[in-house]
Every structure is written in C-alpha cells, then in structure tokens.
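Presented below is the structure to which this report refers.
Predicted model only: the values in this text are computed from it and were never measured. Each ligand, and each atom within it, is numbered from 1 in the order the structure gives.
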Amino acid sequence: MADAAERGQWHSRLGFVLAAAGSAVGLGNIWKFPYITGENGGGFFVLIYLGCVALVGLPIMTAEILLGRAAQRSPVGAFRKLSASGSPWVSAGFLGVAAAFVILSYYSIVAGWALHYTWLSISGALSGKDSEAVGAVFGELYQSPGLNLFWHALFMGLTMVVVWSGVQRGIERWARVLMPAMFIALLAMLVYCVQLPGFGPALDFVFGAHSEKLTAASVLEALGHSFFTLSLGMGAMLTYGSYFDREGDAVKASLAIGLLDTAVALLACMVLFPITFSHGMEAAAGPGLVFKGIPMALGELPFGRLLSTIFFALLVFAALTSAISLLEVTTAYLIDERGWPRRRATLVTGTLVALLGVPSALSGSSALFGSGLQERLGRNWFDFFDYLASNWMLPLGGMLTALFVGYRLDAALRQEEFLRGTTLGSLYRAWLGLLRYLVPVGMALVFLNALGVL
Ligand code: TRP
C-alpha cells in the first residue's frame, strides 16, 4: 500500500475545484458537444443533456468525490475498502480503469488534431483560405496515418510528463493557469460572434424547440455525454476526490464543477454555430466542426493568425488537463494497489494507452488494416471506442456508483461524509433519493430502450 506522500494531496480546496474542473472541461465541451448537438438537431437534445447533468450527473459527481475522500484510494481500492475484499463491487473499479484506457486512447488523437492546428496556425498555413480549402485541410489530416500517429505520440508524451510530476506540482499547477485562460478566450470569441449574421439562427438552433432529429439513440447519447463531459463513471472524480481535503465542501465543489463545465459547453456552441451558419456550413458537420469553423472565422480577421494560434493552443491545454485525469486513474491504480512508484506507473500505463490508440489513429485512412473489422463494428475504430466508452461503459459505471452509494455503503458513513464540511446539508435527502430511485430507474429505462427491449 502506498504511503500518503506517494499518493499526494491538493494544495488547496480551490486547487481541487480547478483541477476537477480542468478534468471536466475539455474536448468534450469544445469539440464533442457542439458536433453532437449539430447531429441531433439542437434544441431538445440540449435540454435533455441539461436535465441529465442536473439530475444524474451532479448527484453522481458528489457520490464519487465522497467515495474517494472516504476511502483515500483510487477506484479499485475504494470499492474494495468500502465493501469487502473479493466483493463483486470491486469490478466497478476495474471497469473504471478499463474505461480510462479506452477513452484516453482516442481522446489523444483528437488532442493531436488540436496540436496540428496550433502548428498550422503558427506557420500561417491556415491564413487566407476560403471555406472549402479549410475543409480540405481537415480532410487531409483525418486521413493521414503519419500525422495522426505523430501528434498522438507527442500528446501522450506531454500527458505523461505532467502525471509523472505528481498531484500538486503537475496537475494542480497547470490547471490553475490554463483553465481561466481558456474561459477568457472563449468569451472573447463570443464577443466577436455576437455580431455575425448567423448568431440569431444559432441561438434558435441551440435553445429553440427542435425535435426533428431526436431519436431514442439521442437520449442515450445525451446521457452518455453528460458522463463524459463531467468526467464521471470511471473513477476520475473519485480519484481526484481522494486527494481532497477531508474537511472540504464536496457538495459545493460538485455544483461549481458542473456549472463551469456546462457554461463552457454552451459557450462553445454559441461561438461555433454562429460561424457555421454565417459560412453556410452544415450544423451536422461531424468531428471536424471546430477544426473547420474556427479557421473559417478567424482567417478573415486582421490578427487571425495570432488568434487562431491562441485558440488552438488553449484547446490543447484544455485537452491536457482532461487527459491527465484519465492517465491519473490508471497510474493511481498501480500506485495504490500494486505499490508501484509513480514514475514507473506513469510510464507503463502511458505507453500502453499510446499503443492502444494506434488503430484509432489509423481510422481515417481506410487503406490500412482493420477495414474489414471496421465494417463489422458498423463504424470505424475511433468512433467505436467513443461509442463504447461514452454510451455504455461510463453510464454503467455511474449507475454502479449510484447503487453502491445508495444501497451498499454504510448508512452512517454515507451521511457523515456528505454532511462533513458542507453548508448544503439540507440537500442530503434529495441527493440520496436521486441516487436510489431516479438515477437507477431512469438509466435502466434508457439502457433497455437503446438495446431495443423497450
Ligand atoms: N471530461 C473530459 C472532457 O469533456 C474528458 C474526460 C476527462 C473524461 N476525464 C474523464 C471523460 C473521465 C470520462 C471520464 O473532455
């Protein structure tokens, strides 16, 4: 078992909130949310997503932080310590570690795209291009095995350097600076986008009542995304919670993290869709949305090159503060359960994730191996990993967490942990009710529906 020094702790409570918000705010908010909103027709999809965040995501976030804080362990150890050795609940912890591997392996590919775009912005390769040429740049990148592999490897290297440096000196220090910077950059972009002709249509698209494209699969997607964007369902928040001050306010912290995360996601939509609509681009442009939209908007501006460099660099940082939380879960598992030193744990798991990402890096280039397999999966490897992890593994992990805290965890311990340090103790009953009834029943319905049983 690792001692406290090897495990680490946050320097301050604010540091915890920023690091956790750094984990939550990432590509999920700026890259994924706008594009799946586009694909699912806007409006109602956003509403369902907000409902999932408030009623399912936030209670589970609090549950995870409390579990981590009570056990002082990462997921596998936490479930073991709080149930019993050999109990089936421990597999919920292993599911989390597996999900971390799967998610980071393709997350790093998209982060690599952001690195590539940062480089293209610096070198001026994006300047003065019209919409079509900007679209072609993304197409080229998407299909190139070499570029995808190169940037993927570089991004994994960066992530490993930070996790290697540990909780306080690595993770917390970076999040403190980079999170606020990203927020300001988005606000600045918003100021510009408000005066675009597409702003009105964008507002209507995101907040108006549109249900044309909504299907049962959209509901599962909204649910899955609420887990993805809040970093829930695989023990990342649990692990961060285990470094949290025992007297800190976990309830208020959850609310703050959820609010920040949602604000950034909506902000990203309000920046991207005005651009999309003003340039006659499809709202359902798919994974290329942000990578085409931003250069289109900024290409025409006087300081476009500088601005797009800043934007994509910040996107890389937002991705980095999320990626480190994913790698931290696999690393903490080896530290806590196997007694490995942090550096070895980081190096080994980081390398494994990088290798697991190779098929995703090659997904866009159909010429390479795996095309038969990709056909059988019904989507390419990259999309399959994303689908598997966000729509199934995370909601399942989240549901197990809710059931564990709602029914299995010692009642006195549960109440004591919730009440300690919080000024929002009156929410205890409501929180427990959501975890026990609404979350499992609601999620079971969504699962059954997606499986075609209902
Ligand atoms: N929440 C991050 C994002 O929106 C991604 C992420 C980081 C994540 N850690 C996670 C997703 C843990 C699921 C689980 O980009």
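- Between F138 and Y117, the angle of the ring planes lies from 30° to 60°, which puts this pair in the tilted group.
- Between F33 and Y49, the ring planes are tilted. Angles from 30° to 60° get that label.
- At a 4.0 Å cut-off, at least one heavy atom of Y107 sits close enough to ligand 1 to count as contact.
- Among the atoms of G28, some N or O lies under 3.5 angstrom from an N or O of ligand 1.
- The distance from ligand 1 to the heavy atoms of M234 drops below 4.0 Å at these ligand atoms: 12 (C), 14 (C).
- Scanning both residues, L58 and A54, for their nearest heavy atoms gives CB-O, 3.8 Å.
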Report all side-chain donor-acceptor pairs from residues 399-408 shorter than 3.5 Å, counting only partners two or more places apart or in another chain.
from, atom 1, to, atom 2, distance (Å)
T401, OG1, G397, O, 2.8
Y407, OH, R436, O, 2.9

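- W381 and F384 have tilted rings, their planes meeting at an angle from 30° to 60° on a 0 to 90° scale.
- Interface of L394 with ligand 1, defined as ligand atoms under 4.0 Å from a residue heavy atom, comprises 13 (C).
- Near S325, meaning under 4.0 Å from any of its heavy atoms, are these atoms of ligand 1: 7 (C), 9 (N).
- The aromatic rings of F205 and H210 sit tilted, their planes meeting at an angle between 30° and 60°.
- Protein heavy atom at the shortest distance from atom 7 (C) of ligand 1 is S231 OG, 3.3 Å.
- Where the criterion is an N or O separation shorter than 3.5 Å, residue side chain and backbone included, L27 meets it with respect to ligand 1.
- Proximity to I103 (heavy-atom distance under 4.0 Å) selects the following atoms of ligand 1: 13 (C).
- Considering only non-hydrogen protein atoms, atom 1 (N) of ligand 1 sits nearest to F228 O, 2.8 Å.
- Considering only non-hydrogen protein atoms, atom 2 (C) of ligand 1 sits nearest to S23 O, 3.2 Å.
- For a threshold of 3.5 Å applied to N or O pairs, the pair formed by A24 and ligand 1 contains at least one separation below that value.
- The existence of a salt bridge linking R73 and D336 is excluded, since no basic side-chain nitrogen approaches an acidic carboxylate oxygen closer than 4.0 Å.
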Side-chain donor-acceptor contacts of residues 93-107 below 3.5 Å, not counting sequence neighbours, with atom names and distances?
from, atom 1, to, atom 2, distance (Å)
S105, OG, V102, O, 2.8
Y106, OH, D386, OD1, 2.7
Y107, OH, L27, N, 2.9
Y107, OH, S322, OG, 3.3

